[in-house]
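Working notes for the structure below.
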Amino acid sequence: MKNLSLNKLAAYCLTASLCLTTNVFAQISEKQVDKMFAPKGTYRSPFKKASEVALTSVNLRFKVATSEKSVKRDAGSAISWAFLEGVDDALFQEIADEYYQRLAAKLKSKGFNVSDKYKESKHYATLLEKNGNNERQTYKKSWGIANVYTANKGPYIEFPIMAGAHSRLANELKYPVGQVFLTIDFAYIAQSISKDTEYGFLSSSSNTVTTKTKATIYPVITVEAVTEGAVMRGDGSYALFAGDNYGFCNAIIKNGQGVVSQAQYAEKIESAKGMPESMKKFKSDVVGDMAAIFSGGLVGNGRATGEFTFNVKANPEKYKAAVLDALEKYNDYLMAYITYNNN
C-alpha cells in the first residue's frame with residue numbers, strides 16, 4: 001500500500017473533528033456537553049459545595065492494535081487490522097503521568113484541590129482488595145488490542161456499578177471521590193464493499209459478479225466511546241465521581257461521540273507483511289484471526305471477501321503531543337460537564 005499523503009491526513013483530521021466533536025472554544029455550551037455525555041449522569045450534585053476532590057485511579061487505555069469489520073448484504077465483508085509501532089511502555093506511562101498532572105491542575109483552576117487523604121481510609125483498602133485482579137491487557141477481534149496504564153503507577157481501580165466502597169469512601173470524606181478511565185485509539189479505518197454484475201446474453205447463469213473491497217486508514221488520535229456495547233467497566237471513556245450522601249457525577253462519553261486531536265503523529269503507514277512481534281504474546285481468538293489474515297485464510301475459507309493489514313509507525317514525541325492534545329480537549333468537556341451538572 002502506498003503511504004497516505006499529508007494533505008489527505010490533514011483533510012481527514014479536519015473532517016473527524018467536525019464529525020466526532022465540535023471544536024473546543026473558550027466556553028463549551030451546555031448543549032455541546034449534553035451531546036457528548038450520556039444523560040442522567042448526576043445525582044445530588046457532589047461538586048456543588050466541594051473544595052476538595054480525590055482521584056483514586058486515573059487510567060489510560062491505549063490501543064496498540066485496532067480492527068474493523070464491515071459487511072454488505074449480498075456483496076461480502078472486509079476485515080482490517082492496524083498495528084501501532086514506535087511507542088513503548090515507558091512512553092505510555094509517561095503520558096498517563098502527565099495527564100494526571102494536567103487533570104489535577106484543571107480541577108484546581110475550577111476551585112477543587114486534589115487530596116490524597118482517601119489512602120488512609122479502610123474503604124479505600126476495600127477498593128484495592130476488590131480490584132486486585134483487574135486485567136490491564138484487553139483484546140477482542142471485534143475491536144483490537146489495548147493496554148491499561150495507571151497514572152503514577154498506581155493501582156488500577158474500577159468503581160462498582162452500584163453503591164459500594166467508593167460510595168462509603170465519599171460519604172466519609174464529604175467530597176467527590178473519582179475514578180477516570182479513557183480509551184485512546186490511534187487510527188480510523190474506512191472500508192467500502194461493492195458488487196458489480198455483468199449480465200450474460202443468454203441466461204442468468206452466464207452473469208459475471210465482481211466484488212470489490214477497499215480499506216483506507218487514517219492515523220488520528222481519538223478519546224473514544226465504548227468498543228463493546230455490553231461491557232459496563234473497563235471499556236470506553238468515563239470519569240466517575242461518588243459524592244456525599246450517595247450522590248454521584250458520572251461523565252460517560254456516549255456511543256458515537258469522541259474527542260479528536262488534529263495533530264499529526266505518524267511517520268509512515270504501510271501494509272503489514274507479517275504479525276508484529278509485540279502481538280504474538282496475545283492469546284485467544286485474536287491471534288488466530290490475525291494469523292489467518294496474514295496467511296490469506298479469511299478470504300480462503302469464505303469468512304471475508306477482503307482482508308487488510310497496516311503498520312502505523314509513530315513519531316514518539318508527536319504521538320505524545322497528539323494524545324495530550326486530545327486529552328486536554330476532553331478535560332475541557334469534563335470541566336464543563338461538572339459545571340453544568342453541579343449548580
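What you are looking at is a predicted structure, and each value in this text was computed from that prediction instead of being measured.
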Between [atom1] of [X] and [atom2] of [Y], what distance do you get to the nearest 0.5 Å?
X    : Y    : atom1 : atom2 : result
Q32  : Q27  : CD    : CD    : 9.0 Å
L327 : I184 : CG    : CD1   : 4.5 Å
L334 : I28  : CG    : CD1   : 10.0 Å
Y340 : M335 : OH    : CE    : 13.5 Å
Q137 : N147 : CD    : CG    : 5.0 Å

State which residues pass side-chain hydrogen bond (donor to acceptor under 3.5 Å, both in side chains) with [X]; sequence neighbours excluded, sorted by chain then number.
X    : result
T183 : R61
Q93  : D97
E68  : none
E328 : K106

Taking the side chain as every heavy atom from C-beta outward, state whether [X] and [Y] have any pair of such atoms under 4.5 Å apart.
X    : Y    : answer
N131 : P155 : no
T339 : V33  : no
H166 : P160 : yes
N134 : E158 : yes
V223 : Y333 : no
S121 : L173 : no
L324 : E98  : yes
V312 : Y319 : no

Can you hop from [X] to [Y] via hydrophobic side chains spaced under 4.5 Å?
X    : Y    : answer
L107 : Y330 : yes
Y188 : W143 : no
V71  : W81  : no

Donor-acceptor contact below 3.5 Å, side chain [X] vs main chain [Y]:
X    : Y    : answer
D325 : S261 : no
N59  : V180 : yes
K72  : I193 : yes

Which pairs count as salt bridge (Lys or Arg N to Asp or Glu O under 4.0 Å) when at least one residue sits in residues 167-180, sequence neighbours excluded?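 Residue pairs passing salt bridge (Lys or Arg N to Asp or Glu O under 4.0 Å), neighbours aside: K174-D244.
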
Name all pairs fulfilling the salt bridge (Lys or Arg N to Asp or Glu O under 4.0 Å) condition that reach into residues 112-137, sequence neighbours left out, sorted by first residue then second.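 Residue pairs with at least one partner in residues 112-137: E52-K117.
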
Smallest separation among heavy atoms of [X] and [Y], with atom names:
X    : Y    : value
S57  : T150 : OG-CG2, 3.9 Å
G144 : S67  : N-OG, 3.5 Å
N171 : G243 : OD1-O, 3.5 Å
A251 : Y337 : CB-CD2, 3.7 Å

Go through the structure and list residues passing ring-ring contact (aromatic ring centres under 6.0 Å, His included) with [X], not counting sequence neighbours.
X    : result
Y246 : none
F186 : none
Y124 : Y118
F112 : F47

Please verify the inter-ring angle class for F92 with Y149; under 30° counts as parallel, over 60° as perpendicular, anything in between as tilted.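 Because their plane-to-plane angle lies in the 30° to 60° range, the rings of F92 and Y149 count as tilted.
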
In the hydrophobic clustering that connects Ile, Leu, Val, Met, Phe, Trp and Tyr at side-chain heavy-atom distances below 4.5 Å, which members other than F248 occupy its cluster, ordered by chain and number?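 Besides F248, the cluster holds Y43.
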
F181 and ring-ring contact (aromatic ring centres under 6.0 Å, His included): which partner among Y99, F159, Y238?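 Only one option passes, and that is Y238.
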
According to salt bridge (charged side-chain N to carboxylate O under 4.0 Å, His left out), who are the partners of E94, at least two apart in sequence or on a separate chain?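 With sequence neighbours excluded, E94 shows a salt bridge (charged side-chain N to carboxylate O under 4.0 Å, His left out) to K320, given in chain and number order.
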
